[in-house]
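Notes to accompany the following structure.
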Number of protein chains: 2
Amino acid sequence: MRVPSVAERVAEELRYQLAEGFLVPGAKLTEATIAEDLGVSRNTVREAFAELAAERLLLRQPNKGVFVATLEAGDIHDVYTVRRAIEVSSIRAGGSPERIAAVRAAVEEGQRAASANDNEGLGSANQHFHGAIVALAESNRLNTIMAQILAEMRLYFHKATMNAHFYSDWLKENEQICSALEAGELERAGDLLLAYLNRSEQQQTAIHGE
Amino acid sequence: MRVPSVAERVAEELRYQLAEGFLVPGAKLTEATIAEDLGVSRNTVREAFAELAAERLLLRQPNKGVFVATLEAGDIHDVYTVRRAIEVSSIRAGGSPERIAAVRAAVEEGQRAASANDNEGLGSANQHFHGAIVALAESNRLNTIMAQILAEMRLYFHKATMNAHFYSDWLKENEQICSALEAGELERAGDLLLAYLNRSEQQQTAIHGE
DNA sequence: ATCGCTGGATTGTTGAACAATCCAGCAGAT
DNA sequence: ATCTGCTGGATTGTTCAACAATCCAGCGAT
């Protein structure tokens, strides 16, 4: 019976509120307030803050407080640079049949969500897709790096910015990437994925950065 | 005048002791002991522990304590998987003349250390070399990921395991990689780097893993 | 030898306290 | 009116002491 520590539960609760958009980027988190709201001690909140700051979800400014992280213009390029590195490298190395099946499953999850007009489901399906690609490499470290990057993106590219317009593109594209992967055409799969990431970065930059 | 917080100084001190091999992998760190040794409170030590655990330098086992991280057989492959992803991707994208010059500088640093028979200097020159390659990408996130990976490797592949025999190989190889980079032959530079990483993984596995 | 208990040590968490720092707002000077 | 410098309140950084929860080595009974 795993009983996560209080600090872990606080961190988890904050992660949830961040992902859900309840805490907006730039907002200040006051230790005493959060401690009272969640019914824990201030020291415990501090430990949770340290954890989330290490994940780049919160930003700690010494003597001023912790704030919900914000992605500046440069960060968008930065995030995509990491994604290009680890996603393309992972897909180019292929993976076990089970891992490839997981990629396929994520593609179908997206198609189902599209049929159901489930916009939120589409978003998470896409994240599952890219997570599954990294999972091909069977590397714990790459998986956690990717999970953190995705959490960062959830934080900033929030539901509001995601419209059906975007999704229409990559639904078919994910399918092609997956097919290439299944067929063992790893170079082509990598090229397609790279092209997608480049285009996605451009789109996001056009919307947010300047 | 930046005055790092006490928790940061504790973390820094522990990082130093870890890198220096003063704390060996698997060793247990007792909160009260460290707090007393460094003259700080137990809560502050805990905050430092959280930071280092996030960097994978310490391992936290709930209700049991924190231990100096150990690299299992699988971790070696894992670490090299990350390095292949980010180093090869970085070098394939090239970089500004300044960044390339930094790579060249690391090569020369290694050559100087070799002439001086400075084994320790050779080790850090090599780390600077690979750090400079990742720095080509101008990505803060990639840089910190790489810095953490290198810190992990320092922790485990310690001085004891590094003999001059190893270094002889890559001194010349680093030179070739750097030359290819300078000449704009990015594909070749990437291939050379990839070959080096694969061989290095094999060597390390032969020594440590089983 | 195995099992179960027990007591001491360590971790997890709390609450309170205080120093250090920041910041908004205000008083006075130019 | 704008600037400067102060001040007081709020918040963070850090410590301390306490206690509950958990672990573990050792010991005794079977």
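All heavy atoms count here, side chains included; hydrogens, waters and symmetry mates do not. Throughout, protein chains are lettered first and strands after them, A, B, ... in sequence-line order, and every chain is numbered starting at 1.
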Note to self: Evaluate B:E152 against B:R15 for salt bridge (Lys or Arg N to Asp or Glu O under 4.0 Å), listing each step before the verdict.
What the structure shows: CA-CA 10 Å; B:E152 274 194 84; B:R15 260 190 282 264; over 6 Å; no
Separation of [N] [atom2] from [X] [atom1] (nearest whole Å):
X: B:E31; N: D:dT22; atom1: CD; atom2: P; answer: 16 Å
X: A:Q61; N: D:dT12; atom1: CD; atom2: C1'; answer: 13 Å
X: B:F67; N: D:dC23; atom1: CZ; atom2: P; answer: 12 Å
X: B:E51; N: D:dG13; atom1: CD; atom2: C1'; answer: 15 Å
X: A:L38; N: C:dT14; atom1: CG; atom2: P; answer: 10 Å
X: B:E47; N: D:dT14; atom1: CD; atom2: C1'; answer: 9 Å
X: A:E8; N: C:dT11; atom1: CD; atom2: P; answer: 16 Å
X: B:N43; N: C:dT11; atom1: CG; atom2: P; answer: 13 Å

Note to self: Nearest to the side chain of B:T30, heavy atoms from C-beta on, is which of D:dC23, C:dT11, C:dC22?
What the structure shows: C:dT11
Item checked: Given D:dT15, D:dC23, D:dG13, the nucleotide with the shortest approach to the side chain of A:N63 -> D:dG13
Closer than 4.0 Å, any side-chain N/O of [X] to the OP1 or OP2 of [N]?
X: A:R46; N: D:dG13; value: yes
X: A:T44; N: C:dG12; value: no
X: B:K64; N: D:dT22; value: no

Note to self: Ignoring hydrogens and geometry beyond distance, is a side-chain donor-acceptor pair present between B:Q17 and B:E13 at under 3.5 Å?
What the structure shows: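 Side chains of B:Q17 and B:E13: pair found under 3.5 Å.
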Check: Side chains of A:Y80 and A:S200: donor-acceptor distance under 3.5 Å anywhere?
Finding: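 A:S200 and A:Y80 do have a side-chain donor-acceptor pair below 3.5 Å.
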Next item on the list: Give a yes or no on whether a donor-acceptor pair under 3.5 Å exists between the nucleobase atoms of D:dG13, that is its base, and the side chain of A:R42.
Entry: yes
Checklist line | B:E36, CD: over 12 other non-hydrogen atoms inside 6.0 angstrom | finding: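 Counting other residues, nucleotides and ligands, CD of B:E36 stays at 12 neighbours or fewer.
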Margin query: Need to verify one output field. Residue with the more 5' nearest nucleotide on DNA chain C, A:P62 or A:G39?
Written below: A:G39
Item checked: For B:I91, the option from B:V134, B:I177, B:L192, B:V103 that meets side-chain contact (heavy atoms from CB on, under 4.5 Å) -> B:I177
